[in-house]
Amino acid sequence: LQVVGVFCKFHSCAAQEFSEATEEGDKDTAEAVREFAGKFDTLRSSFEGLPPAESSGLVAVLHLQEAKTSVDKELAFLDAEVEKAGLSLAKVVQALEALVPIWQTVYSADETYGMKLLKTCGGLEAWAEKTAAACPTSKVNGLVKFAEAYDDRRLRLSPPEPSTGQLQPRIAEMAADAHLTAVEEELSKAKGMNSKALLASLAAASEALQADGGSEAVNGRLSSAMDAIMDRLAKTFNQTVKARDSQKEEVLQQFAGQFDDIRACGCKRAVEADGAAALAPEGLGARLQKERQTIFEEQLTAIEEGLKPSSKLDITRLLEALQLVQKVWPRLINGSTLPNRLMSVLAPLEGRIVDAGIQAALTGNSAAADVLLQQAGELDAVLAEFRMEATEDECSQPLRRQVLGHALRAHVAAANAVLWVSTGPDCEVLVKELTATKAYCEDESCPVEVCVEVLALIDSLGVPLLAAAAGAKEAAGVDAALRVAGIADDARVSAMTRLGPEGEKQEGAALLPTLQAAKAAADKLDEMQDELDSPGGMNPKLVVQTMQELEPLWAPVGPTKAFQQRLLGHIACFSEKLAEDCERALGAEPQWRALLAVARDAELKQDALVLLSPGLQVRSLESPLCRLVAGDLLRAMESELGKESGLSPPVLLTSLQGLNEVWGKLGGADPLSLEFDEVCSITSRLSQATLQVHTRMHEAMHDAVSTDNSNKKTALLGFAQKWDATYPK
């Protein structure tokens, strides 16, 4: 008994010291005690006849004691972590993992540890649920993974069994709820939805529910969110394709792929949960493909309606529809009947386009023709994408090639429309139309027969352009006509080049040199007009000089009525101003004689210009002045004859001599001429004056004879001889 008491005492002391060493972390002492315990148990077993120990050996006791200490330490650590503001999930899992290998030993020895474990785990689970409800969605999935790790360790820490079931399903439900709330918030935005955030939240919600599938309510929300996303994306995709935004369309297509991957994972989870195979519902990618087909069908209907004979042809709308069809075309499902339907719908297109071109040509609507030609080219580009194989019954040429000739005719018609108007050709319009005809003639697909019409138009430009060039300088007619002539010559070259050898037979004179010559003549007419309108008074000699300088420039424009009319206007103005100057010079013989000389010279220059102007009729410049001079000389003669006595024969002879000089140039020989009456009046007045002279001379001679005044008789006979010699014939 004494020996047993000694062993018991050593047993108790060793256990006490080991407990203190492990609690204090004194590894050396604990290890020494553990070594002592092994030797102690060996020694105890070597004593024969001793009663068996009431408890296990010292090594087993120390092991259990060490396990309890570890359990107490880890549970205390876990309780302390729960109380911290920043709990470390990794350390918690590590602590739980540390409990697993020793738990059965401790719990079997002392079941009171079960209550301790339930209390500690309850605190951890409460903390996890509280944190999951409050933390950001970006962190909640970390808690789901923690809960999964926690459940794995907790299942191995039993008995006792968890009273509230597994933690992961509860945390996963809360995580899915948070992610779905984020998804619903994004979907509630009318615009500016963040697709990346939406997919991330959706994927996180789906991932959170993968373990046990989640409750019916959460799965219903997930399903509704996916349906809403599909509806919204399908609508956006439809609008994007119609807007022909290829970049955005590709982004949406990528989104659909990612969405379908997330959705497929959810479907796989549902299948695994049900334990039976099931086909996944149609994905967003397939939905977008259906949207393409819907767009194709809508546009086909629009094209079909637009090409009906009863419908007004709206090529812009038709192009929009075809371009949408072109965009969808490459992604149609193999075996679709839509391409064949498209070919059937497009059958009337060629006829409608060509008819529109003919109408534009007939009305001379060149603007509409240009738009039609551009649209025809765009239609060709779109139709080429459909790889339409032409047959004998189908369009054998591109639409633009067929419309080009009509567009060119429309420009020719538009040019002709402004060429012969009463106000003169509209040079700005001609420049525009001829520029277009030049460009079209240079097109390799331009019909050669229309080029002949272009040449005919250019050949007809000469007369109206010369008429435009004849305008006064303030009308800027010459410069405008020169621009037209230059473009017309270029267009002629383009048309002749297109005609080839046949064009050489129709080669006409260039317009620009003729118009340049016309400009020189017009400039000279402007100089003449400036002198006639000079505020300081006209210099007649400068006007005559201008007429002389105009003669070598006149031949190219002489046949043109507009130039003739302008010349006639200047000559008429010149004639009026000469007459005004002559009226002021009457009574001053040197002045009116100088004016008669100028008028005579001007008339020579006028006659030279008339010879170069077929059909031009002008009036004499000198005759009006001669009639003014004759009238004035007759007034002087009549005034002298009105004297009762003191009549001066020299005065009469001077007036008669002047009359003799101008008499043959009075004009008025034609009874229908305007000056006929005036000339008749002058002739009558001269006859009356002559009668008075005869009477007065007879009376004077009778007096000289009766008085036998020989000197007077000699003087009277001398006067009579001079009178007869000077009298106009």
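- Salt bridge status for Arg401 with Asp380: absent, with no side-chain N to carboxylate O gap under 4.0 Å.
- Proximity of Tyr727 to Gln657: side-chain heavy atoms (C-beta onward) are nowhere separated by under 4.5 Å.
- Checked for salt-bridge contact, Asp601 and Lys541 miss the test: no charged N lies under 4.0 Å from a carboxylate O.
- Counted within 6.0 Å of CD on Gln617, heavy atoms from surrounding residues, nucleotides or ligands total 12 or fewer; the atom is thus considered open.
- Proximity of Leu346 to Leu349: side-chain heavy atoms (C-beta onward) are separated by under 4.5 Å at one or more points.
- Among all heavy-atom pairs drawn from Phe563 and Ala518, the shortest one is CZ-O, 3.6 Å.
- Salt-bridge check for Arg409 with Glu453: passed, with a basic side-chain N closer than 4.0 Å to an acidic carboxylate O.
- Taking 4.5 Å as the limit, every side-chain heavy atom of Glu583 sits out of range of all side-chain heavy atoms of Asp632.
- Within a 6.0 Å radius of NZ in Lys713, other residues, nucleotides and ligands contribute more than 12 heavy atoms.
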- request: Determine, stepwise, if the pair Ile353 / Gln402 fulfils side-chain contact (heavy atoms from CB on, under 4.5 Å).
  value: CA-CA 9 Å; Ile353 296 295; Gln402 296 187 74; over 6 Å; no

task: Under the side-chain contact (heavy atoms from CB on, under 4.5 Å) rule, what do Leu656 and Trp663 come out as? Steps first, then yes or no, please.
output: CA-CA 10 Å; Leu656 187 63; Trp663 194 259; over 6 Å; no

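- More than 12 heavy atoms of other residues, nucleotides or ligands shown are found within 6.0 angstrom of NZ on Lys729.
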